[in-house]
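Just so we're clear, the structure is a prediction, and the values are computed from it rather than from any experiment. In what follows, chains carry the letters A, B, and so on, assigned in the order in which the sequence lines appear, proteins first and then strands, with residues in each chain numbered from 1.
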2 protein chains.
Amino acid sequence: MAAPNSGRYARRTATLRDVAALAGVSVATASKALNGRDQVHPETRERVIEAAIKISFRPNPMAQSLIGGRTGTVGLLTNDLVGRFSLPILMGAEDAFGAGRLSVFLSDARGDAIREQHHVQAFLDRRVDGFIVVGSDTDPRPSLGHDLPVPVVYAYGPSEDPTDSSIVPDNVSAGELAAEHMLATGRRRIALVSGDRTFLAARDRTEGVVAALAAAGTELVAPVMYGSWSEGWGRTATRALLERVPEVDGIICASDQIARGSLDALRELGVPVPERVGVLGFDNWEAVVADSRPPLTSIDMNFEALGRLAAQRLVAAMSGERFSGVEKRPVRLVARASTARV
Amino acid sequence: MAAPNSGRYARRTATLRDVAALAGVSVATASKALNGRDQVHPETRERVIEAAIKISFRPNPMAQSLIGGRTGTVGLLTNDLVGRFSLPILMGAEDAFGAGRLSVFLSDARGDAIREQHHVQAFLDRRVDGFIVVGSDTDPRPSLGHDLPVPVVYAYGPSEDPTDSSIVPDNVSAGELAAEHMLATGRRRIALVSGDRTFLAARDRTEGVVAALAAAGTELVAPVMYGSWSEGWGRTATRALLERVPEVDGIICASDQIARGSLDALRELGVPVPERVGVLGFDNWEAVVADSRPPLTSIDMNFEALGRLAAQRLVAAMSGERFSGVEKRPVRLVARASTARV
DNA sequence: AAACGAACCGAAAAGGTTTTCTGCGATCGT
DNA sequence: ACGATCGCAGAAAACCTTTTCGGTTCGTTT
């Protein structure tokens, strides 16, 4: 049980004036000394720096931004309740910013447009220097508009407005990668169990798969099966598939969860994986992929790299360059036992 | 492909001076009018407010904090790579702060102590008014120390230092809840498949289970089985268990993933769930729980509530009250088909 | 010796807001 | 009618840092 005590946290943090006094110079000189400006004698600079260290002086960023007009903060607006996507993206962004002097304000709009509007305003009130908006899926989303005083980069879910700058994973090439891998591991009768057809990601991945097969002079062994993103769908679809096309030897599933369901169904039907059928998923979601039987080959969307790039684009935009358009980023395949060549 | 354009984002935001000018008063009066101070004529106040709205004035928080000494920001430091825990906690905290005027800086230390130290310093440089530290598990972690100028609240993973303030889920009562639910659904021969015994969470949950059974005049039908937190362990443990104690009619698993493995094993052994054996997990991890067969009863750790409370404690601490000790918060059981009474 | 330039330092303004204190006109009490 | 009080508005200081610009002290040049 917690017990409220009395307690003070007063502790005036050292100011530049203190440093100056200790070093026996004016604040102006102290400032110049610490900021590497010239016009200050090396010896004096040394004295100032020592003084600063001694009283562990840290410049007050409020005072700095008051002058400079920039706060060194960016707002990261997510809509991803589960955190599957936004957290790695955030980490990538933080990485890219971290080296520089930028800090990240985070808030979650929970997919609600008016809450989002509210958070945008809150960030603007805080005078952030820019925004990163993370969507909950890869479908285009409404733009925040162009009347914002700072640049915006959309990550994962692109803006509907093509003059905005968006960074998304390349789902078409992800589909290609999947199909090529199936072919490369010696399979020829390949089926595709997709997700919810209303999602662009589902359609893009399908497009990639179909294209890659065509390029290799073949095609899907059965019509694309659309459904939901769940394990349950993976199971039903797989059962139906094996009934209709028993000779199938490769199943590409549009998500790890679908693949997981597919694996379960195959096991129950006594179909050995990867010997008779190879299975492959998308997202490389550690929790789903690692524990599946056998471990699942999956396409990793490189979220962290996505975040890093979004951060870089934002930084560039903040210093004048403006980017526009949807930038599609490469993904990578992580091979595991479920598609091992036999 | 993105194409860099030229582009400017200049746009001087309105200042209080502008408002004052427009309303024909001094900045002092304008300030008082907007902040609800008295000493200003109602009519004047009205004029000022209208002016402020007209040019959509927003006070500059840098200027405000320069005076007030508080920035209205808190630092949230996570260590949870997966985001399973920290994101809901963050959302709860944001909720609790949101109404007030607090914004959240987020950063991830990735479980690395020196990176953490670095982020703490960065937050202090930003003059945050407080910290929330989110652990990666419920084991006590090193304190950030007491020489910080602002209060700290530890969430999920408590501080080793009992004079710090920590908020954690009550894993003992979680264990009790699990056992009681098993009993309440008519099972008597109950086993416990736990996780990694080096985790406090595993031991606490065990303690609760054992205590609740004892209170009901019974005990575990087999010694606690410790292993890892994975599905694989859930499967092996369950198989071993059924071999040694075929009459078991309830399996409490210390995590959803273990439970998931257990369900798989049972299905493969042809043991009907929930008819012959009930299965229960911990964490209520949507992705794992929803798609399992049958849907898994689980103990929800109430992360969001944890985050909210942490935020409240922090706010209280920031205004002088000081809390100390580890505060254990109630959890709740979410009943699903895997433990349905037969 | 006078003038000049270089090197270095400090005073002051600026950035936007809040708060205190002073000032002023009007109202009140007697 | 006079001082006291009240209601309201504005001037100025304070918060902390950066930057510009003027000033001082040297050493150097003619």
Side-chain angles (χ1 to χ4, degrees), chain A residues 10-52 55-73 101 124-129 149, chain B residues 10-52 55-73 101 124-129 149:
Chain A
R11 148 107 109 276
R12 224 181 56 77
T13 66
T15 140
L16 188 58
R17 193 210 301 282
D18 303 330
V19 176
L22 184 55
V25 297
S26 72
V27 283
T29 309
S31 173
K32 283 181 286 196
L34 294 176
N35 292 320
R37 294 267 164 291
D38 48 2
Q39 302 284 46
V40 37
H41 194 91
E43 207 172 81
T44 312
R45 186 189 305 279
E46 191 55 38
R47 255 193 1 261
V48 172
I49 292 180
E50 268 172 24
I55 62 179
S56 56
F57 164 77
R58 293 300 181 142
N60 184 322
M62 311 303 142
Q64 288 177 315
S65 14
L66 209 47
I67 296 181
R70 345 191 77 192
T71 56
T73 62
R101 306 248 58 78
L124 287 177
D125 289 353
R126 285 257 172 231
R127 305 293 198 268
V128 296
D129 294 333
Chain B
R11 149 108 107 276
R12 224 181 56 76
T13 65
T15 136
L16 187 57
R17 192 209 302 282
D18 303 331
V19 176
L22 184 55
V25 298
S26 72
V27 282
T29 309
S31 173
K32 285 181 285 196
L34 294 176
N35 292 319
R37 294 268 164 290
D38 47 4
Q39 302 282 49
V40 38
H41 194 90
E43 209 172 80
T44 313
R45 186 189 306 276
E46 191 56 38
R47 261 201 347 270
V48 172
I49 291 179
E50 269 172 24
I55 62 180
S56 57
F57 163 77
R58 292 298 180 141
N60 184 322
M62 310 305 142
Q64 289 177 313
S65 6
L66 210 48
I67 296 181
R70 345 190 76 194
T71 56
T73 62
R101 309 248 55 79
L124 287 177
D125 289 353
R126 285 257 172 232
R127 306 292 198 267
V128 297
D129 294 334

Residue whose closest nucleotide on DNA chain D lies nearer the 5' end, Pro59(A) versus Gln39(A): Pro59(A)
Nearest-Å distance for atom pair CE/C1', residues Met62(A) and dG16(C): 14 Å
Separation of Ser65(A) OG from Asn60(A) CG (nearest 0.5 Å): 8.0 Å
Under-4.0 Å side-chain N/O to phosphate OP1/OP2 contact, Thr29(A) with dC9(C): no
Closest listed nucleotide, where the reference is the side chain of Pro42(B) and the choices are dG16(C), dC8(D), dT19(D): dC8(D)
Contact under 4.0 Å: Thr15(A) side-chain N or O vs dC15(D) OP1/OP2: no
Atom-pair distance (NE2 on His41(A); C1' on dC26(D)), nearest Å: 12 Å
Sugar-phosphate only, base, or nothing, as touched by Ser31(B) at under 4.0 Å among non-hydrogen atoms: base
Atom-to-atom span, NZ of Lys32(B) to C1' of dT17(C) - whole angstrom: 13 Å
Distance, nearest 0.5 Å, that separates CZ of Arg70(A) from CZ of Arg101(A): 14.5 Å
Short side-chain to backbone donor-acceptor contact, Asn35(A) and Arg37(A), under 3.5 Å: no
Closest nucleotide among dC8(C), dG10(C), dT19(D) to the Arg37(A) side chain: dT19(D)
Rounded distance in Å - CG (Asn35(B)) to P (dT20(C)): 13 Å
Touch class at under 4.0 angstrom, heavy-atom based, for Arg127(B) against every strand present: nothing
Proximity to the side chain of Arg17(A) - top-ranked nucleotide from dC15(D), dT19(C), dC8(D): dC15(D)
Touch class at under 4.0 angstrom, heavy-atom based, for Thr44(B) against every strand present: sugar-phosphate
Closest listed nucleotide, where the reference is the side chain of Ala28(A) and the choices are dT19(D), dC9(C), dA12(D): dT19(D)
N/O donor-acceptor pair under 3.5 Å between Arg127(A) side chain and Asp125(A) backbone: yes
Whole-Å gap separating C1' (dC16(D)) and CD1 (Ile67(A)): 8 Å
Distance in angstrom units between Arg47(B) CZ and dC8(D) P, rounded: 13 Å
Atom-pair distance (CG on Leu66(B); P on dG15(C)), nearest Å: 14 Å
Rounded distance (nearest 0.5 Å) linking atom CZ of Arg45(A) with atom NZ of Lys32(A): 10.5 Å
Rounded distance in Å - CZ (Arg70(B)) to C1' (dT19(C)): 17 Å
Listed nucleotide nearest any side-chain atom of Gln64(B), set dT17(C), dG10(D), dT17(D): dT17(C)
